[in-house]
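Below: one structure, written as structure tokens.
In what follows, chains carry the letters A, B, and so on, assigned in the order in which the sequence lines appear, proteins first and then strands, with residues in each chain numbered from 1. Keep in mind that this is a model prediction, so the values were computed, not measured.
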Number of protein chains: 2
Amino acid sequence: MRVSREKAAENRETIVEAAGSLFREKGFSGIGVADIMRAAGLTHGGFYGHFKSKDDLAAEASRAVMARSAASWAKTLEEHPDNALELLVERYLSAKMRDDRSHSCIFGSLGADAARQGKPVRKAFAEGLRPLIDVLTVLVPGASKVARRRKALAAMSQLVGAIVLARAVDDADFSDEILAASKAELLRD
Amino acid sequence: MRVSREKAAENRETIVEAAGSLFREKGFSGIGVADIMRAAGLTHGGFYGHFKSKDDLAAEASRAVMARSAASWAKTLEEHPDNALELLVERYLSAKMRDDRSHSCIFGSLGADAARQGKPVRKAFAEGLRPLIDVLTVLVPGASKVARRRKALAAMSQLVGAIVLARAVDDADFSDEILAASKAELLRD
DNA sequence: ATTATCTATAGATCTATAGATAATGC
DNA sequence: ATTATCTATAGATCTATAGATAATGC
């Protein structure tokens with residue numbers, strides 16, 4: 001049953017990957033270790049060879065998801081310096097992102113849940129948020145850096161809140177309207 | 001052990017009240033029926049005389065919390081027509097609200113969770129959101145009603161996102177900065 | 001020999017129900 | 001007689017651990 005160190009490291013990554021999707025889809029307390037391991041193609045008992053606890057995995061999976069977001073935002077900024085804000089906002093507030101919880105921004109799907117977690121998860125959320133704010137600070141309009149950072153924090157809040165509200169309501173038109181309103185306001189000036 | 005009809009109705013309200021607080025504090029899947037009943041001063045088994053299921057309570061508790069929010073916002077609008085927006089934003093984005101999850105806006109604490117619930121809860125969230133948007137539509141600046149409604153939806157999103165992010169991070173200064181940024185931006189124009 | 005994974009299980013907790021109890025309200 | 005609540009429990013699920021197994025890597 002034993003596998004190579006390389007394969008074990010790969011398995012660990014698969015667990016983190018599965019957890020990143022399932023936590024976002026179901027919430028930290030809405031999915032169990034056994035289901036995550038099953039999604040990763042492994043058995044329940046093997047989990048504790050890789051992680052100290054479910055909380056430990058929650059922190060690591062959160063970090064992994066946020067690192068990917070930061071890389072994606074930075075890449076958009078680098079590749080499309082002229083219209084990066086528009087691209088990010090359109091992508092973030094798209095119907096596709098709203099409907100695909102398991103692969104969307106973790107602050108929308110798990111931000112409120114993170115507040116209920118221990119220090120490691122909340123530390124991961126703080127450190128994971130900073131690079132996104134840094135990208136937005138470059139992109140939003142404003143005379144001074146201080147003014148742009150303030151605008152960036154407000155814009156990030158608006159993105160997160162819009163996706164949360166658009167998902168919470170069961171009325172499709174209302175949901176679309178919520179996304180469209182923030183899209184229009186964020187790209188207005 | 002049996003109590004009067006009046007007392008039973010009162011007990012039901014106590015359960016809904018306790019659930020409204022505990023769900024906001026712990027999430028829909030972070031608290032059990034037994035704990036809610038204990039908080040209400042009743043025993044576990046008695047629950048199913050009042051509600052069909054935990055989901056049933058989740059929908060009813062959500063409606064109750066949102067009805068109270070709507071009443072509070074409408075009261076602020078009525079009593080302070082000149083500076084209601086400022087009052088609402090200052091209250092919503094205060095450190096006190098951030099730190100008191102169990103009595104704060106349900107969209108921030110349970111919005112993401114609601115997306116994972118069944119139709120009744122999501123219907124409650126849609127119907128509960130509308131009156132808050134209506135109040136904001138009166139308060140935000142804008143030439144036309146259409147423009148004001150768009151601004152209101154964007155403002156609500158920003159409020160919800162700011163409180164979610166401020167709670168998710170473990171860095172107190174960063175958290176305060178998130179709240180201050182949205183406060184400043186929302187009251188700028 | 002070491003160790004990554006598996007099987008099996010302990011012990012706690014969760015939702016929901018059955019049946020008993022005792023006070024209300026006809 | 002009805003019914004609101006209680007006690008007790010069924011059955012499922014959850015986190016975590018113990019010990020067995022078998023392939024890796026010295």
If you compare all heavy atoms of B/Asp35 against all heavy atoms of B/Ile31, which two are closest, and at what distance to 0.1 Å?
CB-CD1, 3.6 Å
Please state how far atom CG in A/Asp56 lies from atom C1' in D/dT17, giving the value in whole angstrom units.
16 Å
Could you tell me whether A/Arg188 and A/Glu185 make a salt bridge, using a distance below 4.0 angstrom between a side-chain N and a carboxylate O?
yes
Sequence neighbours left out, cut at 3.5 Å: what donor-acceptor pairs do the side chains of residues 63-74 of chain B make with other protein atoms?
| from | atom 1 | to | atom 2 | distance (Å) |
| --- | --- | --- | --- | --- |
| B/Arg68 | NH2 | B/Glu17 | OE1 | 2.9 |
| B/Ser72 | OG | B/Arg91 | NH1 | 3.0 |

Residues from residues 32-50 of chain A lying under 4.0 Å of DNA chain D - heavy atoms
A/Gly32, A/Val33, A/Asp35, A/His44, A/Gly45, A/Tyr48
Show the nearest heavy-atom pair for residues B/Ser157 and A/Ile178, with the distance to one decimal.
OG-CG2, 4.0 Å
In whole angstroms, the gap separating P of D/dC14 from CZ of A/Phe28 amounts to 17 Å
Heavy-atom nearest nucleotide on DNA chain C taken for B/Glu6 and for B/Lys52; more 5' hit belongs to B/Lys52
Atom-pair distance (CZ on B/Arg12; P on D/dA4), nearest Å
11 Å
For DNA chain C, what are the stems built from at least three Watson-Crick or G-U pairs in a row, each pair having both distances below 3.5 Å?
C:1-24 with D:1-24
To the side chain of B/Ser53, which of C/dA16, C/dA4, D/dG25 is closest?
C/dA16
Examine the base of C/dT5 for any acceptor or donor lying under 3.5 Å from a partner atom in the side chain of A/Arg2, and report the outcome as yes or no.
no
Check the distance between C/dA12's P and A/Lys54's NZ and give it to me in whole angstrom.
19 Å
Taking salt bridge (Lys or Arg N to Asp or Glu O under 4.0 Å) as the cut-off, I'd like each qualifying pair that reaches into residues 115-128 of chain B, sequence neighbours left out, listed once.
A/Asp170-B/Lys119, B/Asp113-B/Arg116, B/Glu127-B/Arg130
B/Phe51 CZ - D/dA4 C1' separation (whole Å):
13 Å
Is any side-chain heavy atom of B/Phe51 closer than 4.5 Å to one of B/Ile15?
yes
Starting from P on C/dT13, measure out to NZ on B/Lys26 and report it in whole angstrom.
13 Å
Taking atom P of D/dA16 as reference, at what distance in whole Å does atom CG of A/Leu57 sit?
11 Å
Does anything in residues 41-54 of chain B pair up under side-chain hydrogen bond (donor to acceptor under 3.5 Å, both in side chains), and if so which pairs, sequence neighbours excluded?
none
Minimum heavy-atom separation for B/Val121 and B/Asp55, please, with both atom names.
CG2-O, 4.3 Å
For residues 98-110 of chain B, tabulate all N or O donor-acceptor pairs below 3.5 Å that involve a side-chain atom, not counting sequence neighbours.
| from | atom 1 | to | atom 2 | distance (Å) |
| --- | --- | --- | --- | --- |
| B/Arg98 | NH1 | B/Ser175 | OG | 2.9 |
| B/Arg98 | NH1 | B/Asp176 | OD1 | 2.8 |
| B/Asp100 | OD1 | B/Ser102 | OG | 3.3 |
| B/Asp100 | OD1 | B/His103 | ND1 | 3.3 |
| B/Asp100 | OD2 | B/His103 | ND1 | 3.3 |
| B/Arg101 | NE | B/Glu25 | O | 3.4 |
| B/Arg101 | NH1 | A/Ala115 | O | 3.4 |
| B/Arg101 | NH2 | B/Glu25 | O | 3.4 |
| B/Ser104 | OG | B/Arg101 | O | 3.2 |
| B/Ser104 | OG | B/Arg167 | NH2 | 2.6 |
| B/Ser109 | OG | B/Cys105 | O | 3.2 |

In whole angstrom, what separates B/Asn11's CG from C/dA23's C1'?
14 Å
By nearest atom, which of the nucleotides C/dA4, D/dA4, C/dA16 is closest to the B/Val3 side chain?
D/dA4
